[in-house]
Amino acid sequence: MRKDDGMTATGLTDGFGRKIDYLRLSLTDRCNFRCVYCMAEDVTFLPRSGILSLDEMDRLCSVFIDLGVRRLRLTGGEPLVRRNALGLIRDLSRHLDRGALDEITLTTNGVLLERHADALAACGVRRVNVSLDTLDPGTFRAITRRGDVRSVIAGIEAARAAGLAVKINAVVMRGVNEDHLEALMLFAHGRGMDLTLIETMPIGEVDGDRSQFYLPLSEVRARLSRRYHLNDLPDRLAGPARYLRVAETGGRVGFVTPMSHGFCQSCNRVRLTATGQLALCVGRDLFIDLKTPLRSSESNGPVRDAIVAALLQKPRGHDFAVDQLKAPTVTHAMRMTGG
Ligand code: SAM
Ligand code: SF4
């Protein structure tokens, strides 16, 4: 158990008056998949020497929590490939125990969930998001360039058996998985899971041209509405997705539309890369170094001051455009900021 230095909670607000109470931490930029929309086949990962230790990640998260962050999401790359990720989660769960944190969640490709689901539940994790773009084994392998969909499904079942609430996230791709979304929805809703659909974003270099498979979610909705009764749910559920309920299944489908409809006015989050860079917006190359102030002192004062000052630089929003899918203007990789 690590020692905290007893800073009082003041709450974090950015320059536009938005309350920032949600932190996403990329545990590693490494991954056991190579999803076509996320990274190149021969991607070069960061040298291990540049990555924060788990103790440093714990310290940074603890400073954010003392500043008022109430929700923590661990992501990556693939968070579960980071050695002793479970140890970090176990240590961070002390903030759940003392009531300073509402939840620790995970976004994962699901492959290692079968192995870790019970331990995650024992660490106080109650919800995981699993990325799954199709149930079709061949399409799944083509998208991930190496994955076996059966291992992800086994991971989902293990998570559910461990009592975790699971949400499925799917990146929608024209001509790739657009015909598989209904099956994915029935799979999710049949198990009491929400399905969130995400538009392809132009973040980081990949092989090929992402614009080929960009599909606005308005088209997906129109297609679903030919077979199902879709009822808009009034409010966002603490995130960028707009949800609707499908009358026939009783389940919810979320739509994350960074390309076709902005949602930045309600942004409540910042992201931390595995190298200790604070990403103020997923849609911009705007990073503030927290590693240097963290390492400059045993006291948390310098890094705390750096965070409070950085928040004032958080931009109003991103300005993705569909033509950027051909040549992304946001050059940082999705695996750095964790989606
Ligand atoms: N490896 C984990 C996973 O896949 O869930 C966590 C990291 S991944 C970067 C987080 C999310 O970002 C995933 O749901 C993934 O599908 C999504 N993602 C990656 N690249 C994307 C892109 N270019 N556009 C939209 N979503 C993307
Ligand atoms: Fe890995 Fe997630 Fe990126 Fe796929 S989306 S390559 S699983 S980090």
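Ligands are counted one by one from 1 in listed order, and the atoms in each one are counted from 1 as well.
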Test salt bridge (charged side-chain N to carboxylate O under 4.0 Å, His left out) applied to Asp207 - qualifying residues, sequence neighbours left out: Arg145
Can you tell me if Thr292 and Asp289 form a side-chain donor-acceptor pair at under 3.5 Å? yes
Please list, one pair per line, the donor and acceptor atoms closer than 3.5 Å that link side chains of residues 305-312 to other protein atoms, with sequence neighbours excluded.
none

Assess Arg174 against Phe213: is NZ or CZ under 6.0 Å from the centre of the six-membered ring, and within 45 degrees of the ring's axis? no
Side-chain H-bond candidate by donor/acceptor type, Arg59 with Asn300, under 3.5 Å: yes
Would you mind counting protein N, O or S atoms that sit less than 2.8 Å from atom 3 (Fe) of ligand 2? 1
Which protein N or O atoms sit under 3.5 Å from any N or O of ligand 1? Give atom names and distances.
{"from": "ligand 1", "atom 1": "1 (N)", "to": "Gly77", "atom 2": "O", "distance (Å)": "3.0"}
{"from": "ligand 1", "atom 1": "1 (N)", "to": "Glu78", "atom 2": "OE1", "distance (Å)": "3.3"}
{"from": "ligand 1", "atom 1": "4 (O)", "to": "Ser131", "atom 2": "OG", "distance (Å)": "3.4"}
{"from": "ligand 1", "atom 1": "5 (O)", "to": "Thr108", "atom 2": "O", "distance (Å)": "3.3"}
{"from": "ligand 1", "atom 1": "5 (O)", "to": "Ser131", "atom 2": "OG", "distance (Å)": "2.5"}
{"from": "ligand 1", "atom 1": "14 (O)", "to": "Ser131", "atom 2": "OG", "distance (Å)": "2.8"}
{"from": "ligand 1", "atom 1": "16 (O)", "to": "Tyr37", "atom 2": "OH", "distance (Å)": "3.4"}
{"from": "ligand 1", "atom 1": "23 (N)", "to": "Tyr37", "atom 2": "O", "distance (Å)": "3.0"}
{"from": "ligand 1", "atom 1": "23 (N)", "to": "Met201", "atom 2": "O", "distance (Å)": "2.9"}
{"from": "ligand 1", "atom 1": "24 (N)", "to": "Met201", "atom 2": "N", "distance (Å)": "2.8"}

Here's a test for you: under side chain to side chain contact (heavy atoms under 4.5 Å, CB included), which of Met193, Arg191, Arg127 qualifies with Val166? Met193
Distance check, rounded to the nearest 0.5 Å: Thr273 atom OG1 versus Leu290 atom CG? 8.5 Å
Taking the cut-offs as 6.0 angstrom to the six-membered ring centre and 45 degrees off its axis, would you call Arg71 and Tyr22 a cation-pi pair? yes
Tyr214 and Tyr37: aromatic ring centres closer than 6.0 Å? no
